[in-house]
Amino acid sequence: MPQLTLFADPTSKSLGLSPKKSPTSSRSTHTQSPSSVSKRKAAFTKKGDEPNLWELHHIQEDMAVLGKRPRGASSPDGNDEEMKGQPDRGAKRHEPEGGGVAGSKDIKEHKNAYEIKGKIANREDAARVDADPPLNQLVRLMENGWKEAEKGESVVYWMRMEDMRVEDNTALYRASERAQELGLPLVALYVLSPGDYKIHDRSARKIDFMLRNLKSLKTKFHELNIPLHIVSYPRRLAIPRKLIDEVLPSLGANHIFLNIEYEVDELNRDIATVKLGREKGVDVRCFHDRLVVPPGRIKSQVGKPMSVFSPWQRTWARLLEKEPQLLNMSPLPKANEVTIRQNEKFARLFEDQVPDSLEGFECKDSETMAEVWPEGTERAKELLDLFLHTKARKSQIPLTSPLTPGAESSSKDSRVQAYQTGRNLVDGDNSSRLSPYLVSGVISARMVLNEAKKLGKGGKLESGRDTGLGMWVQEVSWRDFYNHVMATWPRVSMGRPFLEKFADVQWEVNEEHLQAWKDGKTGFPIVDAAMRACNQRGWMENRVRMVSASFLVKSLMLDWRLGEKYFMECFIDGDLAANNGGWQWTASTGTDPQPYFRIFNTLTQSEKCDPNGDYIRYWVPELRNLKGKAIHDPSHHMPSNEFKKLGYPAPIVDHKKSRERALFRYKNVGEKEP
Ligand SMILES: Cc1cc2nc3c(=O)[nH]c(=O)nc-3n(C[C@H](O)[C@H](O)[C@H](O)COP(=O)(O)OP(=O)(O)OC[C@H]3O[C@@H](n4cnc5c(N)ncnc54)[C@H](O)[C@@H]3O)c2cc1C
C-alpha cells in the first residue's frame with residue numbers, strides 16, 4: 001500500500017515531512033512545551049495550512065509500533081528524534097483529497113473508508129516526490145561524494161526482503177569480492193523491521209515465508225562460514241542511525257553493500273544510510289539487482305520515460321538482444337576462512353537465531369503455507385523446472401504441495417509451451433506459480449529467464465505473443481515494467497492514481513459489500529472462488545486477480561485502494577509495484593490502463609477461465625454438486641427454492657445496473673448519477 005517519504009534529511013533532527021509546509025517541519029526540533037503545543041494546534045487548524053492526513057497517519061502508525069508512550073516521556077534508548085515535531089494528536093481530524101470515500105462526512109461509521117483515507121497523499125506532495133524521484137536522488141548521491149573508507153575488520157552485505165538468495169545476488173557477490181580484496185571476513189546482516197511490515201501491509205504469510213527462507217539461508221551462509229547476523233528494530237525510522245552508529249561499529253565494518261529496493265520509503269531509508277555513512281566514514285554501496293533491466297534504462301526515442309507497456313516491452317526485448325550481458329548472473333560469494341568461527345568478535349554471530357514468528361504477524365496457517373509454498377532457492381528451481389518441462393495438473397487446484405510427484409513430462413505440451421491458453425485458465429497449475437519466489441528474491445528474474453532461454457529457438461530469448469514461451473517471458477517483463485513505473489512516478493505508491501483525472505471518481509462507502517467481497521460471499525461464484533483461494537492459499541491466478549479486482553472497482557464501485565490493501569494483507573506474494581500496477585490497470589487509473597468503458601463481464605470471464613467449473617467447485621463447496629451453466633450463475637439457472645437450499649448468497653449487485661453506474665461515474669468524474 002501507499003508509502004511515505006521519511007528520512008528526507010537524516011542530518012536534521014526533524015522528520016523531514018513536507019519541507020515546504022510550516023506546521024510539521026519548522027517546529028520539528030522543539031521539545032513539547034505547553035505554549036508550543038498550543039501554537040502548533042493553532043497552526044494545524046489554520047485553514048489551508050494543515051499537515052495532510054497521509055502524513056499524520058504514518059506518524060500515528062509509527063507511534064503505535066512504539067507503544068503508547070505518554071507525551072513527553074523519553075524513549076528507552078534516549079533517542080527521541082522521531083517524537084519531536086510530531087503533530088498534536090488531539091488536533092482536528094484532517095480529511096484527505098479524493099473521491100466519495102475520502103470526502104465522506106460519515107467516515108467514522110465506515111471502517112472500510114477509514115482504512116485507507118490516511119494513506120492517500122495529496123496531489124501537491126505526490127507531485128513534489130515525482131518531480132525528483134528518490135531513486136534519482138540515490139543515484140546522484142552514489143555518483144558524487146564517494147570516499148574510500150578505512151579497511152576495518154569486516155565487510156557487510158545487508159540482505160533485504162526482496163533478495164533472499166545466495167545465488168546471482170549482485171550486492172552479496174560484490175561484498176564478497178571486496179572482502180577478498182581487503183582480506184576481511186564477510187558478514188551477512190538482516191534487519192527485521194516490524195514497523196515497516198505494518199505500515200506496508202505485509203501479510204503474516206509473507207513474513208512467515210521470509211522467516212522460513214531466512215532459516216534456509218542461514219544454513220547456506222554457514223556452509224560458507226558466513227555468519228547471518230539478525231537484528232530487529234520496531235522503530236523503522238531509527239534503522240539508518242542504528243546501523244551506522246551501532247551495528248556496523250560492533251562488527252568493525254566500514255563497508256556495507258546492499259541491493260536497491262525501489263519503493264519510496266525504502267529508497268529514502270537508503271539515502272539516509274548513505275548520507276549518515278559518509279559522515280561516519282562508512283562506504284555504503286547500492287546496486288541494481290531486482291530487475292533484469294534497471295529502472296531508468298528504457299526510454300523513448302526522445303529520451304523520455306515510457307508509460308505504455310507494449311512499446312516499453314519491445315524496447316526491453318531489443319535491449320536484451322543488444323546487451324545480453326544484462327542476463328549475466330553473479331557468481332557465488334567466496335567462503336570465509338574457517339577461523340572466523342573462533343574469532344572473538346564474529347564467532348557469536350553464528351549463534352544468531354531466526355525467530356519462528358514475529359509479534360503481530362503470527363501466521364495461523366503456517367503449516368499449510370509451508371506445504372503449498374515450500375521455502376528455499378532449490379525448491380524454486382524445482383518449481384521452475386516443472387513449469388518448463390511438465391504438463392499442467394488439475395490436481396493442483398486444491399491446497400497441496402506443488403512438488404507432489406506425478407507431473408507428466410512433455411516438451412510440446414509443457415505448461416510454458418501451453419501458456420498462451422493456459423495463462424487464462426484457473427483449472428490447474430497452468431502458470432509457473434513462481435511469484436512468491438520472485439517477489440522475495442528467492443530466485444532471480446535472471447535465473448528464470450536464463451532457463452527459459454535454453455528452450456528458445458537457437459538458444460535465444462523468445463519474447464512475444466507468438467509462442468507460449470515468448471508470452472511467458474513477456475509476462476516476466478511486466479514485473480520489470482511496474483517497478484520502472486514505481487521508480488519513475490513514485491506518486492503511484494503514495495495512493496495517487498497515475499491518471500489524476502480520475503482522482504475524484506465517486507466511490508461507494510459500503511462496509512457490507514466490502515466484507516462480502518473479502519469473504520467470498522458476493523453471489524458471483526468465480527469472484528467468491530477467487531477470494532476464498534486468496535484467503536486460504538494466499539495467492540491467486542492472474543486472471544482471477546483481474547476478475548475479482550474488476551468486480552470490486554467497477555461492479556461494487558468501491559475504492560480500488562481498499563482492494564489493493566486487502567490483497568497485500570493476504571498474499572504471500574504481495575508486492576507494491578505489481579499489486580498497485582494490477583489494481584490501477586483494473587481501475588482504469590494506471591499508466592497503461594484498461595479503458596474505463598471496458599468492464600469485465602464476470603459471468604463471461606467465469607465461463608472462459610473455468611470452463612468446467614472445477615475451480616469454483618473446489619473453492620465454493622456449497623456449489624460442488626452443480627453442473628453446466630448453473631455453476632457460473634446458480635441464482636439464474638436454478639428454481640429459487642432449489643437455489644435457497646444451497647446456502648449460497650444471491651448476487652449482491654445487478655451486473656447491468658452496476659455497469660451503467662460505473663460508466664457514469666468515470667465519465668462524469670466527481671459526480672454521482674442523478
Ligand atoms: C489486481 C492485481 C494484483 C496483483 N498483485 C500482485 C502482487 O501483489 N504480486 C505479484 O507478484 N503479482 C501481482 N499481480 C500480477 C500477477 O497476477 C501475478 O504475478 C501472477 O498471477 C503470479 O502467478 P505466476 O507466478 O504463476 O505467474 P506467471 O504467469 O507464471 O508469470 C511469471 C512471473 O511474471 C511476473 N508477472 C506476471 N504477470 C505480472 C503482472 N501482471 N505484473 C507484474 N508481474 C507479473 C510475476 O513475477 C510472475 O511470477 C497482480 C495482478 C493483478 C491484476
Side-chain angles (χ1 to χ4, degrees), residues 1 162 200-203 205-206 209 290-292 309 313 373 380 383-384 386-388 392 396 402 414-416 418-426 428-445 447-449 451-452 463 468-469 471-486 493 527 530-531 533-534 537-554 560-594 600 605 609:
M1 260 301 278
E162 277 84 27
H200 299 152
D201 301 316
R202 303 292 188 194
S203 72
R205 290 178 179 130
K206 186 161 179 190
F209 190 60
R290 185 192 285 182
L291 310 177
V292 181
F309 177 72
Q313 207 280 333
W373 306 107
L383 296 178
L384 174 64
L386 283 170
F387 175 67
L388 296 178
Q396 285 293 322
S414 62
R415 286 151 68 192
V416 73
Y419 189 74
Q420 272 168 311
T421 44
R423 75 198 180 102
N424 290 321
L425 295 171
V426 293
D429 55 352
N430 298 287
S431 65
S432 70
R433 300 192 175 181
L434 280 170
S435 52
Y437 302 88
L438 283 162
V439 165
S440 294
V442 178
I443 195 166
S444 73
M447 287 162 79
V448 305
L449 290 186
E451 287 305 307
S463 175
L469 183 65
M471 208 154 209
W472 189 68
V473 170
Q474 209 174 60
E475 215 65 19
V476 175
S477 71
W478 273 103
R479 183 174 171 272
D480 273 22
F481 176 70
Y482 280 137
N483 273 280
H484 144 83
V485 168
M486 181 175 67
S493 62
V527 174
M531 293 310 294
C534 166
R537 191 193 272 281
W539 183 89
M540 289 148 86
E541 292 81 357
N542 185 55
R543 177 55 48 177
V544 283
R545 288 186 204 216
M546 292 196 288
V547 172
S548 65
S550 173
F551 183 81
L552 182 88
V553 179
K554 304 267 175 78
W560 56 272
R561 287 161 288 216
L562 292 166
E564 183 194 12
K565 179 172 160 63
Y566 189 66
F567 273 12
M568 283 303 277
E569 289 168 348
C570 290
F571 281 164
I572 193 161
D573 70 359
D575 173 71
L576 200 154
N579 194 40
N580 181 271
W583 277 98
Q584 295 231 33
W585 184 89
T586 314
S588 305
T589 62
T591 45
D592 190 17
Q594 166 94 327
F600 272 20
Q605 289 291 326
C609 73

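We count ligands from 1, going down the list as the structure has it; atoms in each ligand are counted the same way.
- Every N/O-N/O distance between Tyr482 and ligand 1 stays at or above 3.5 Å.
- For atom 29 (O) of ligand 1, the nearest protein heavy atom (residue, atom name, distance) is Tyr419 OH, 2.4 Å.
- Residue Arg479 approaches ligand 1 through these ligand atoms, each under 4.0 Å from one of its heavy atoms: 43 (C), 44 (N), 47 (O).
- Using a 4.5 Å cut-off on side-chain heavy atoms (C-beta onward), Ser477 and Phe309 make contact.
- Less than 4.0 angstrom separates some heavy atom of Leu434 from each of these atoms of ligand 1: 25 (O), 49 (O).
- Between Thr586 and ligand 1, not a single N/O pair is under 3.5 Å apart.
- From the protein, the heavy atom lying nearest to atom 18 (C) of ligand 1 is Arg545 CZ, 4.0 Å.
- Contact annotation for Phe481 and ligand 1: no heavy atom of the residue comes within less than 4.0 Å of the ligand.
- For ligand 1, the polar-atom distance check against Val439 finds no nitrogen or oxygen pair separated by under 3.5 Å.
- Ion pairing of Glu541 with Arg423 is absent here, as no side-chain N (NZ or NE/NH1/NH2) approaches a carboxylate O to less than 4.0 Å.
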### Message
Run the ring-ring contact (aromatic ring centres under 6.0 Å, His included) test on Phe209 and Tyr437 for me, step by step, so that the C-alpha distance in whole Å, both residues' side-chain angles and the decisive distance to 0.1 Å come before the verdict.
### Response
CA-CA 9 Å; Phe209 190 60; Tyr437 302 88; 5.4 Å; yes
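- For the ligand labelled ligand 1, residue Gly574 lies inside the 4.0 Å heavy-atom shell.
- A donor-acceptor contact shorter than 3.5 Å links the side chain of Ser203 to the backbone of Phe571.
- Looking only at distances, no side-chain donor or acceptor of Asp201 sits under 3.5 Å from a matching main-chain atom of Lys565.
- A distance-only check finds a donor-acceptor pair linking the side chain of Lys554 to the backbone of Thr586 [under 3.5 Å].
- Residue-level proximity to ligand 1 for Met540 is carried by the backbone, the only part with a heavy atom below 4.0 angstrom.
- Given atom 45 (C) of ligand 1, the protein heavy atom at minimum distance is Glu475 O, 3.7 Å.
- Nearest protein neighbour of atom 24 (P) of ligand 1, counting heavy atoms only, is Arg433 N, 3.5 Å.
- When hydrogens are left out, the protein atom nearest atom 30 (O) of ligand 1 is Ser432 OG, 2.6 Å; that is the closest non-hydrogen contact.
- When only interatomic distances are considered, the shortest N/O to N/O separation between Ser435 and ligand 1 falls below 3.5 Å.
- For Asp480 (side chain) and Leu291 (main-chain N/O), no donor-acceptor pair under 3.5 Å exists by modelled atom type.
- Only the side chain of Leu438 comes within contact range of ligand 1, with a heavy atom under 4.0 Å; no backbone atom does.
- Among protein heavy atoms, the minimum distance from atom 12 (N) of ligand 1 is reached at Ala578 CB, 3.5 Å.
- By the criterion of a heavy-atom distance under 4.0 Å, neither the backbone nor the side chain of Trp585 is placed next to ligand 1.
- On a distance-only criterion, Asn542 and ligand 1 share at least one N/O pair closer than 3.5 Å.
- Figure legend: Arg545 and Trp583 shown without cation-pi pairing, the cationic atom not lying both under 6.0 angstrom from the six-membered ring centre and within 45 degrees of its axis.
- Nearest heavy atoms, Asn430 versus Leu425: ND2-O, 3.5 Å.
- When heavy-atom distances to ligand 1 are checked against a 4.0 Å cut-off, Phe387 has no atom that comes that close, whether in backbone or side chain.
- Considering only non-hydrogen protein atoms, atom 23 (O) of ligand 1 sits nearest to Trp539 CZ2, 3.3 Å.
- Residue Glu541 places no N or O, backbone or side chain, under 3.5 Å from any N or O of ligand 1.
- Listed for the Trp373 side chain is a donor-acceptor partner under 3.5 Å among the backbone atoms of Arg537.
- Arg415 places a side-chain N or O within donor-acceptor distance of the main-chain N or O of Asp429, the cut-off being under 3.5 Å.
- Neither side chain, Gln474 nor Ser463, offers a donor N or O lying under 3.5 Å from an acceptor on the other.
- Here the protein heavy atom with the shortest distance to atom 32 (C) of ligand 1 is Trp472 NE1, 3.3 Å.
- The main-chain N or O of Arg479 is found under 3.5 Å from a side-chain atom of Asn483 such that the two form a donor-acceptor pair.
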